[in-house]
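What follows is a set of notes on a single structure, which appears directly below.
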There are 2 protein chains.
Amino acid sequence: MAQYSTLADGVFQALADPTRRTVLRRLSRGPASIGELARPFDMALPSFMKHIRVLEQSGWIRTRKVGRVRTCTIERASFDVVDTWLSEQRALWEGRTDRLDQFVTSDISQTKADSQ
Amino acid sequence: MAQYSTLADGVFQALADPTRRTVLRRLSRGPASIGELARPFDMALPSFMKHIRVLEQSGWIRTRKVGRVRTCTIERASFDVVDTWLSEQRALWEGRTDRLDQFVTSDISQTKADSQ
DNA sequence: CGAATACTGAGCCATAAGGCAAAGTATCAC
DNA sequence: GTGATACTTTGCCTTATGGCTCAGTATTCG
């Protein structure tokens, strides 16, 4: 679980930066080289490469170098980490809503169902 | 759009920290006071309060003080920001998968469909 | 083979983030 | 009214982050 939490840390931290989110958006449409990805940004290439490294180390993308060109490909696993986290919160939320609905509908006083 | 991007920045940055994600998980089950939320963490209260401020300023939670107790309540809007972003990437991804399937199935050479 | 291209590594800087302790304020309860 | 409780503010420290420049390496191409 701690390992999962560390994984989640990297996955969510990677999304904290607008540059990296934009890169992910572009890569969702298909693979691209470093140079191609960097073109829309007013940023020095070594700075941009730092973002690519963050995305790669957190599992959002995979990169492969052929000759002098490194191509980036998006990975679904990290999407699933975020998606799973959202689903878990939604399930908790809707569980709470269900209980609230039950309370309102049946008009029965409900004991505090607070565990974990 | 720039305003939306700034909103997204705060929303995603708030998720970058494990303490704040844990707080959101707890609040998904229902409102709680600052003291109650802080209890599971081995952290000074002023440090914990900083996290609460981040979550509030980014729109993840709303807080209300009655007497000496401040109660936090989760807000759905930020969930929707993250959910929307994921859906957009999935749509881009699946659009690419559809085109790839089309390519493989029909065995037709496909021009580069690269548009903004 | 040398110039051009596409990264890559190293070092630096400014700012942000996340923690701490200490002290303060507002409110309850006895 | 005083002690206890629940934050709140301030200032400081360490680490992380995100940017820069410069130089280097590997590869292509004319």
Side-chain angles (χ1 to χ4, degrees), chain A residues 2 5-27 30-74 78, chain B residues 2 5-27 30-74 78:
Chain A
S5 179
T6 304
L7 172 69
D9 283 351
V11 164
F12 282 101
Q13 275 160 10
L15 289 184
D17 183 86
T19 297
R20 293 195 290 271
R21 291 200 304 278
T22 306
V23 166
L24 289 178
R25 179 183 291 271
R26 168 60 187 82
L27 288 178
S33 67
I34 300 289
E36 182 181 348
L37 289 169
R39 203 160 295 139
F41 297 93
D42 186 18
M43 182 185 295
L45 194 56
S47 306
F48 186 79
M49 277 300 302
K50 281 188 173 182
H51 288 295
I52 295 298
R53 292 295 169 226
V54 169
L55 287 172
E56 189 174 27
Q57 278 159 1
S58 57
W60 277 101
I61 67 173
R62 201 177 348 106
T63 71
R64 180 162 171 262
K65 191 162 190 177
V66 176
R68 61 191 179 187
V69 174
R70 184 176 291 276
T71 302
C72 308
T73 310
I74 204 158
S78 294
Chain B
S5 178
T6 303
L7 172 70
D9 283 352
V11 164
F12 282 101
Q13 275 160 12
L15 289 184
D17 183 86
T19 297
R20 293 196 290 272
R21 290 199 306 277
T22 306
V23 166
L24 290 178
R25 178 184 291 270
R26 168 60 187 82
L27 288 177
S33 67
I34 299 289
E36 184 181 346
L37 289 171
R39 204 159 294 140
F41 297 94
D42 186 18
M43 181 186 297
L45 193 56
S47 305
F48 186 81
M49 277 299 303
K50 281 187 173 184
H51 289 294
I52 295 299
R53 292 292 170 228
V54 169
L55 287 173
E56 190 174 27
Q57 278 159 0
S58 57
W60 277 102
I61 68 172
R62 201 178 346 108
T63 71
R64 179 163 172 263
K65 191 162 191 178
V66 176
R68 59 189 180 190
V69 174
R70 183 177 291 276
T71 302
C72 308
T73 310
I74 204 159
S78 294

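Per chain, numbering begins at 1; letters A, B, ... match sequence-line order. Since we're looking at a predicted model, the values are computed, not measured.
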Check the distance between D/dT17's P and A/Leu55's CG and give it to me in whole angstrom. 13 Å

Is B/Arg39 salt-bridged to B/Glu36, cutoff N-O under 4.0 Å? no

Determine whether the aromatic ring centres of A/Phe48 and A/Phe41 lie less than 6.0 Å apart. yes

May I ask you to evaluate whether A/Arg70 reaches the phosphate of D/dA26, defined as a side-chain N or O under 4.0 Å from OP1 or OP2? no

Atom-to-atom span, CZ of B/Phe41 to P of C/dG18 - whole angstrom: 13 Å

Heavy atoms of A/Arg21 and A/Leu15 approach each other most closely as NH1-O, 2.9 Å

Side chains of A/Ile52 and A/Ile34: does their closest heavy-atom pair fall under 4.5 Å? yes

Is it true that a side-chain atom of B/Arg20 and a backbone atom of B/Gln13 form a donor plus acceptor pair closer than 3.5 Å? yes

Under 4.0 Å protein heavy-atom contact, by nucleotide of nucleotides 25-30 of chain C - B base, S sugar-phosphate only: --BB--

Between B/Arg64 (CZ) and D/dC7 (P), how many Å, whole number? 14 Å

Does any N or O in the side chain of A/Thr63 come within less than 3.5 Å of the main-chain N or O of A/Cys72, such that one atom is a donor and the other an acceptor? no

Ignoring hydrogens and geometry, is there a side-chain-to-backbone donor-acceptor pair from A/Trp60 to A/Leu24 under 3.5 Å? no

Roughly, in whole Å, what's the span from CD1 in A/Ile34 to P in D/dT25? 20 Å

Kindly say whether B/Pro18 contributes a backbone atom to a donor-acceptor pair with the side chain of B/Thr22 at under 3.5 angstrom? yes

Can you measure B/Ile52 atom CD1 to C/dG18 atom P for me and round it to whole angstrom units? 13 Å

Mind calculating the distance between CD (A/Gln13) and C1' (C/dG18) to the nearest angstrom? 12 Å

Check the distance between D/dT9's C1' and B/Met49's CE and give it to me in whole angstrom. 10 Å

My understanding is that only residues two or more places apart in sequence, or in another chain, count here; which of them pass side-chain contact (heavy atoms from CB on, under 4.5 Å) with B/Thr71? B/Pro31, B/Val69

Integer-rounded Å distance: C/dC7 C1' and A/Glu56 CD: 13 Å

Distances under 3.5 Å between protein N/O atoms and the N/O atoms of nucleotides 19-22 of chain D, please, pair by pair.
{"from": "D/dG19", "atom 1": "OP2", "to": "A/His51", "atom 2": "NE2", "distance (Å)": "2.3"}
{"from": "D/dG19", "atom 1": "N7", "to": "A/Lys50", "atom 2": "NZ", "distance (Å)": "3.4"}
{"from": "D/dG19", "atom 1": "O6", "to": "A/Lys50", "atom 2": "NZ", "distance (Å)": "2.5"}
{"from": "D/dC20", "atom 1": "OP2", "to": "A/Ala44", "atom 2": "N", "distance (Å)": "2.9"}
{"from": "D/dC20", "atom 1": "OP2", "to": "A/Ser47", "atom 2": "OG", "distance (Å)": "3.0"}

